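Working notes, beginning with the structure itself.
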Amino acid sequence: MGADDELRGRVRQMREKAQQLSEAAERSADPQERERLQEKARKLREQSEEDGSPSGGDVFPSS
């Protein structure tokens, strides 16, 4: 079960980081910086969803 706990912790951290990046993007006055932060947050969320799904890491995801 240790590997599962580690994976859940990593996914949680990625989601928290994505949330922080989204919040930073909202506060940014620079449109380019805002876009960069939003894109980074989006990619991190996607990665956390892939890693957190039951078939995380599959070459051919079911969705």
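The structure displayed is predicted, hence computed values, not measured ones.
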Discussion item. Test of understanding: with side chain to side chain donor-acceptor pair (under 3.5 Å), list the residues that count as partners of Glu46, not counting sequence neighbours.
Written reply: Arg42
Worksheet item: How would you list, by chain and number, every residue that makes a side chain to side chain donor-acceptor pair (under 3.5 Å) with Ser28, sequence neighbours excluded?
Response: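 Scan of Ser28 (side chain to side chain donor-acceptor pair (under 3.5 Å), adjacent residues dropped) gives none.
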Practice prompt. Keeping to residues at least two apart or across chains, list the salt bridge (charged side-chain N to carboxylate O under 4.0 Å, His left out) pairs with something in residues 26-36.
Written response: Glu33-Arg36
Worksheet item: Can you tell me how far the CG atom of Leu21 sits from the CZ atom of Arg45, to the nearest 0.5 Å?
Response: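 Reported to 0.5 Å precision, the distance equals 8.5 Å.
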Discussion item. Using 0.5 Å steps for rounding, measure from the CG atom of Leu37 to the CG atom of Leu44.
Written reply: 12.0 Å
Residues 10-20, side-chain donor-acceptor partners within the protein, below 3.5 Å, at least two apart:
from: Arg12; atom 1: NE; to: Glu16; atom 2: OE2; distance (Å): 3.3
from: Gln19; atom 1: NE2; to: Glu23; atom 2: OE2; distance (Å): 3.0

